[in-house]
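Report on the following structure.
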Amino acid sequence: MAVSGTVSTTVFNTRKVVDHAYRRCRMPPEGISSEQVSFALDTLYLILSMLANRGLQLWCIEKDIMPLYQAQGLIEMPNGIVDILNTNLRTLQEVSGTSTTTSTTYLTVFTSVTQVTNVGVYWNGASTSYALETSNDGATWTTLATVANPGTVANETTWTDIEGSIATLYFRVRATTGVLNQSRVFLGNTPTEIPMARLNRDDYVNLPNKAFQGRPLQFWVNRQLNNPILNLWPVPSDQFITAQVIVWVKRYIMDVGSMTQEIEIPQRWYDAVVYVLAARLAEETPTVDPQMIAILDQKAQRALLEAENEERDDSPIYLTPNIAVYTR
């Protein structure tokens, strides 16, 4: 049997999504005007945004590392975050050695081989792109991670997790562009995370002292227009400025780009998105046969349901009912 020998290499760009959607409306692509293409892209953007209201899209779950600052209990999440899923407080064990600095590097030489799993750069000026590198002889360096355009400013901190870090004698932070405007570099390992409890608005509002400082244990998510805001309680004390809040978030699907780019959905979702787009276009395009609207809407709902039913990770679920109130 002759087969292609490849899997998931077909490029299904935005143009194909729009063309197929119009074809399902019984409209040939050559008859589509530039205005209709622009309208289809806007509609596609609305559809991808709407999917955030329909459960979890597994590919849109990400981990964010949020630094802590003394007496600052509000953490504004990055743009595009829909909601907070899991939140942990992480503390680290600091490792140290003999450190030297230049305008572009921060070098630490350990007395014995040491593993570094987390790095925090405290900026005293504008941040710049940098690389995290290790060496066993101080001459040949291996890049473990790179951070491009951290986007932080003076008196802010950038934290980076290093995947696959191994114990070495030399560790350095090297600016890949510009100057390394750091006031401190924190090298840590042995990360310990504890879950934080989520409060509802009433419980947070009723706290008698919202400025109380200590170890952050709870948080309320204030879902604003663009960026959710974490309200921590207690607010961080000076002891926890080297700790981080590890937040697993649900974000929006990436914006629709040009016609030659792909939309950020997995292969298993393409048919559903094309059908939903076709149903929306049929609804608002005067030249489409009105009888097609109900047909496309029914097929779109079925395809969308099939895609959503498969959006799972197949992990076990443990339910622990609390029935103490009924058995006393």
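Here, residue 1 is the first one in the sequence, and each next residue gets the next number. Note that this is a predicted model, so its numbers are computed, not measured.
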Quiz item: Any side-chain donor-acceptor pair under 3.5 Å between T192 and T91?
Solution: no
Practice problem: Could you work out the complete set of other residues in the hydrophobic cluster of L169, with links drawn between I, L, V, M, F, W and Y side chains under 4.5 Å apart? | Solution: L107, V109, V113, W141, Y170
Quiz item: Any idea which heavy atoms bring T143 and A131 closest together, and the distance?
Solution: CG2-CB, 4.4 Å
Exercise. State, without any angle test, whether T142 and T134 hold a side-chain donor-acceptor pair at a distance under 3.5 Å.
Key: no
Practice problem: In plain terms, say whether D161 and R90 are close enough for a salt bridge, that is, a side-chain N and a carboxylate O under 4.0 Å apart. | Solution: yes
Exercise. Give the minimum heavy-atom separation between V119 and V116, together with the two atoms involved.
Key: CG2-CG1, 3.8 Å
Quiz item: Do F39 and V18 come within less than 4.5 Å of each other through their side chains, counting heavy atoms only?
Solution: no
Exercise. List for me each residue that meets side chain to side chain donor-acceptor pair (under 3.5 Å) alongside S127, sequence neighbours excluded, and say none if there are none.
Key: T152
Quiz item: Once you round to the nearest 0.5 Å, how far does OG1 of T87 lie from CD of E193?
Solution: 10.5 Å
Quiz item: Run the side-chain contact (heavy atoms from CB on, under 4.5 Å) check on R198 and V221 step by step: do they pass?
Solution: CA-CA 8 Å; R198 184 166 181 168; V221 180; 3.5 Å; yes
Quiz item: Do W123 and T157 have a side chain donor and acceptor closer than 3.5 Å?
Solution: no
Quiz item: If we only count heavy atoms from C-beta on, is the V235 to Q72 side-chain gap below 4.5 Å?
Solution: no
Quiz item: For residues S8 and Q267, is any side-chain donor paired with an opposing acceptor at under 3.5 Å?
Solution: yes
Practice problem: Give a yes or no on whether R184 atom CZ has more than 12 heavy-atom contacts from other residues, nucleotides or ligands under 6.0 Å away. | Solution: yes
Quiz item: Hey, are R268 and E311 close enough for a salt bridge, meaning a charged N less than 4.0 Å from a carboxylate O?
Solution: yes
Which pairs of donor and acceptor atoms, one on a side chain in residues 274-299, lie under 3.5 Å apart (sequence neighbours left out)?
from	atom 1	to	atom 2	distance (Å)
T285	OG1	L281	O	2.6
D289	OD1	Q291	N	3.1

Exercise. Check the pair C60 / I253 against side-chain contact (heavy atoms from CB on, under 4.5 Å), numbers first and verdict last.
Key: CA-CA 7 Å; C60 291; I253 299 173; 3.7 Å; yes
Practice problem: Begin from the C-alpha positions of Q244 and L68 and carry the test side-chain contact (heavy atoms from CB on, under 4.5 Å) through to its verdict. | Solution: CA-CA 6 Å; Q244 311 95 52; L68 296 178; 5.7 Å; no
Quiz item: Considering only heavy atoms from C-beta outward, does the side chain of I263 approach that of L44 to under 4.5 Å?
Solution: yes
Quiz prompt | Closest heavy-atom pair and its distance - I81, P78 | solution = CG1-O, 3.1 Å
Self-check item: Those residues that, when tested against T146, pass side chain to side chain donor-acceptor pair (under 3.5 Å) (two or more places apart)
Solution: none
Quiz prompt | Verify same cluster id: F171, V147 (apolar side-chain graph, 4.5 Å) | solution = yes
Quiz item: Which distance, rounded to the nearest 0.5 Å, do you find between the CG of D83 and the CE of M77?
Solution: 10.0 Å
Self-check item: Heavy-atom side-chain proximity of L187 to E94 below 4.5 angstrom
Solution: no
Quiz item: Does any non-hydrogen side-chain atom of L48 lie less than 4.5 Å from one of L51?
Solution: yes
Exercise. Following the transitive rule for hydrophobic clusters with a side-chain heavy-atom cut-off under 4.5 Å over Ile, Leu, Val, Met, Phe, Trp and Tyr, establish whether V17 and Y252 coincide in one cluster.
Key: no
Quiz item: Between E262 and K16, is there a side-chain N and carboxylate O pair less than 4.0 Å apart?
Solution: no
Self-check item: K210: salt bridge (charged side-chain N to carboxylate O under 4.0 Å, His left out) partners, not counting sequence neighbours
Solution: none
Quiz item: Shortest non-hydrogen contact from A303 to D271?
Solution: CB-OD2, 4.3 Å
Practice problem: Write down the atom of S135, the atom of G138, and the distance for their closest heavy-atom approach. | Solution: OG-N, 2.8 Å
Exercise. With the side chain counted from C-beta on, respond yes when Q182 and V173 share a heavy-atom pair under 4.5 Å apart, and no when they do not.
Key: no
Quiz item: Should F12 and H20 be marked as a ring pair (Phe, Tyr, Trp, His ring centres under 6.0 Å) after you check the CA-CA gap, both sets of side-chain angles, and the distance that decides it?
Solution: CA-CA 11 Å; F12 208 86; H20 280 276; 5.5 Å; yes
Quiz prompt | Sequence neighbours excluded - side-chain hydrogen bond (donor to acceptor under 3.5 Å, both in side chains) pairs with any residue from residues 213-223 | solution = N222-Q224
Exercise. Provide the closest heavy-atom pair for P28 versus I32 in the form atom of the first, atom of the second, distance.
Key: O-CG1, 3.6 Å
Quiz item: Cut-off 3.5 Å, side chains only: do T160 and Y130 have a donor facing an acceptor?
Solution: yes
Quiz item: Going only through I, L, V, M, F, W and Y residues with side-chain contacts under 4.5 Å, is there a path from Y122 to Y106?
Solution: no
Exercise. Check whether F212 and L207 end up in the same hydrophobic cluster, where Ile, Leu, Val, Met, Phe, Trp and Tyr are linked by side-chain heavy atoms less than 4.5 Å apart.
Key: yes
Self-check item: Check against side-chain contact (heavy atoms from CB on, under 4.5 Å), F219 and V247
Solution: CA-CA 11 Å; F219 66 96; V247 186; over 6 Å; no
Self-check item: 4.5 Å side-chain heavy-atom contact, P216 and W233
Solution: no
Quiz prompt | Side-chain heavy atoms of N118 within contact of F186, under 4.5 Å | solution = no
Quiz item: Cluster question for you: counting only ILVMFWY and a side-chain heavy-atom cut-off of under 4.5 Å, with indirect links fine, are L85 and I246 together?
Solution: yes
Quiz item: Do other residues, nucleotides or ligands put more than 12 heavy atoms under 6.0 Å from the CG atom of N155?
Solution: no
